[in-house]
Amino acid sequence: MHLDQITLYHIRMPYVVPFQTSRWVETDRECVLIRLRSNSLTAWGECTATQHCAYSYETTKTNWHILEDFIIPILLASDLEDIASYRAAIAHLTGHPMAKAGMEMALWDLFAQREGVTLQRMLGGRGERVKVGVSVGIQPTTDRLLEVVEDYLSQGYQRIKLKIKPGRDVVDTAAVRRCYPDLLLQVDGNSVYRLEDASLLRALDDFNLLLIEQPLGEDDIIDHAKLQPQLKTPLCLDESILSVTHARWALELGACRVINIKPGRVGGMYEGRLIHNYCLERGIPVWMGGMLETGIGRAANVALASLPGFTLPGDISASARYYAEDLIEEPFTLNPDSTLSIPKVPGLGVKVRIDMLTQYTLHSQEYFPA
Ligand code: OSB
Ligand code: MG
């Protein structure tokens, strides 16, 4: 399919509240958005990396660099017919999964629109809604955390994920569990712990958690495999899984019993679906992670999360949990059963608000075929 124009946008949008993890704080969403034009169609993609070199090595600027200097020249010089040929065309580029995934999202949107089908349909998803929860950042105090959790529960979220860090792990988890004995509860360490912290992590076994997400190093499948047998609670890997091969290593080694799938982290929805399929065949539950995306990335996550192996609630909350106003015309809202509805319009199914995009754009650049 011939592309007439590619536009990159470097945007910065404030969050309604800062988001604190064990290792960094985010106060606004800085990211690269991609717009493709082909004949009469307009398609959108979102790169998940932020201005921080924290969750992974990728940042807004590395995403821009990889797109501008490597991926876009390849796309403008070729006539790609499907996602498989896009993956083949960029396969020689090392690393940078979030840059690759942002472009892949835009191509999924374009190809689905060309076929006149929803992204969900093109991915092989089913149903009208997906189960979601909310990821709660570390709060100034445990009392404040209890207020924040109560507020999310009153909005209808039925699954809570707590960010934890040393000193704010057992205390915070115990406090929330004491108030809500039956709540679907899980925690996320974002790679801050080491295997030597195993006894501390064993203390989390008493709280009937759904899972403990990525306590150890981002590149450390081996020590997770040593930790998992010491716990009753399933470990779930996030940062450590960059491909279906990593998923195989983790499962063969016994490093986790659940996998978090983020299309950005694994280089795109295609690879995310491979991981999903691999886990589904082996009875390993997966769930959709989040990177505080705008409505564009959220629409993609909701569609992919409707594949049958996504049996645990995803980190895909309503637009209002992140932004006073989302970048899309119809923001995602929470249904009373703690679900989000999947868009029914062909492609990603969202309409970007150009007024807001203009307001939040720091820099944009257009690219044309030679
Ligand atoms: O580790 O899952 C994570 C946000 C940014 C980076 C990493 C993570 C997260 C979240 C937020 O937990 C999930 C969401 O988008 O709501
Ligand atoms: Mg995580």
Side-chain angles (χ1 to χ4, degrees), residues 13 15-31 46-60 63 97-98 101 130-139 148-149 152 155 157 159-165 169 185-193 209-220 224 234-242 250 256 258-266 272 286-302 304-305 312-323 326 331-332 334 338 340:
M13 257 170 90
Y15 294 131
V16 286
V17 287
F19 186 69
Q20 166 144 26
T21 76
S22 58
R23 296 184 300 111
W24 72 95
V25 189
E26 298 186 29
T27 55
D28 37 37
R29 170 117 183 97
E30 218 178 293
C31 69
E46 174 171 347
C47 297
T48 49
T50 68
Q51 66 274 45
H52 308 287
C53 184
Y55 172 81
S56 83
Y57 63 83
E58 289 186 270
T59 66
T60 318
N63 283 174
M98 295 179 181
V130 294
K131 283 234 161 264
V132 304
V134 62
S135 173
V136 184
I138 296 167
Q139 303 297 318
V148 171
V149 167
Y152 285 131
Q155 293 173 34
Y157 290 104
R159 186 282 266 154
I160 296 287
K161 163 168 135 184
L162 304 178
K163 290 292 191 182
I164 56 168
K165 66 173 184 179
D169 34 40
L185 186 64
Q186 61 194 58
V187 298
D188 187 356
N190 283 114
S191 298
V192 80
Y193 298 96
L209 301 176
L210 286 171
L211 54 91
I212 300 172
E213 184 178 345
Q214 194 75 38
L216 310 182
E218 60 162 33
D219 54 356
D220 201 345
H224 280 102
L235 286 177
C236 166
L237 293 181
D238 173 354
E239 285 91 325
S240 289
I241 305 294
L242 302 181
C256 65
V258 178
I259 290 179
N260 162 317
I261 295 179
K262 290 179 182 171
R265 189 194 71 226
V266 304
V286 301
W287 56 287
M288 178 58 60
M291 296 285 290
L292 314 170
E293 288 90 346
T294 76
I296 296 172
R298 190 162 314 285
N301 289 352
V302 162
L304 186 60
L312 291 166
D315 272 353
I316 6 177
S317 312
S319 296
R321 178 257 173 268
Y322 308 95
Y323 305 105
D326 206 337
F332 284 96
L334 189 69
S338 194
L340 293 192

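Start at 1 and go down the list; that is how both ligands and their atoms are numbered. Just so we're clear, the structure is a prediction, and the values are computed from it rather than from any experiment.
Listed by number with element, the atoms of ligand 1 under 4.0 angstrom from any heavy atom of Lys161 are 2 (O), 3 (C), 12 (O). Atoms of ligand 1 found under 4.0 Å from any heavy atom of Gly290 (numbered from 1 in listed order, with element): 4 (C), 8 (C), 9 (C), 10 (C), 11 (C), 13 (C), 14 (C), 15 (O). Which parts of ligand 1 touch Trp24 is read off a 4.0 Å heavy-atom cut-off, strictly below it: atoms 6 (C). Under a 4.0 Å criterion applied to the non-hydrogen atoms of Asp315, ligand 1 contributes the atoms 12 (O), 13 (C), 14 (C), 15 (O), 16 (O). Contact atoms of ligand 1 toward Asn190: 1 (O), 3 (C) (distance under 4.0 Å to a heavy atom of the residue). Close approach of ligand 1 to Ser135 (heavy-atom distance below 4.0 Å) involves ligand atoms 10 (C), 11 (C), 12 (O), 13 (C). Heavy-atom contacts of Asp238 reach the following atoms of ligand 1: 1 (O), 2 (O), 3 (C) (cutoff under 4.0 Å).
Protein atoms that are N, O or S and lie under 2.8 Å from the Mg ion (ligand 2) are these: Asp188 OD2, Glu213 OE2, Asp238 OD2.
Using a non-hydrogen distance threshold of 4.0 Å, Lys163 registers as a contact of ligand 1.
Taking any N or O of Tyr322, backbone or side chain, at least one lies under 3.5 Å from an N or O belonging to ligand 1. Polar contact with ligand 1: absent for Ser317 (N/O pair, distance under 3.5 Å). Remark: ligand 1 and Phe19 share no N or O pair separated by less than 3.5 Å (distance only, no angle test). Checked by distance only, ligand 1 and Asp188 come closer than 3.5 Å through their nitrogen or oxygen atoms. Ligand 1 has no nitrogen or oxygen under 3.5 angstrom from a nitrogen or oxygen of Tyr55. Polar contact with ligand 1: absent for Glu293 (N/O pair, distance under 3.5 Å).
Of the protein's heavy atoms, Met291 SD, 3.5 Å lies nearest to atom 6 (C) of ligand 1.
Salt bridge annotation for Glu46-Arg29: present, with a cationic side-chain nitrogen under 4.0 angstrom from a carboxylate oxygen. Salt-bridge formation is detected for the pair Asp315/Arg159: a Lys NZ or Arg NE/NH1/NH2 atom is positioned less than 4.0 Å from an Asp or Glu carboxylate oxygen.
In this pair, Tyr152 and Tyr157 present their aromatic rings perpendicular. The plane angle is above 60°, beyond the 30 to 60° band.
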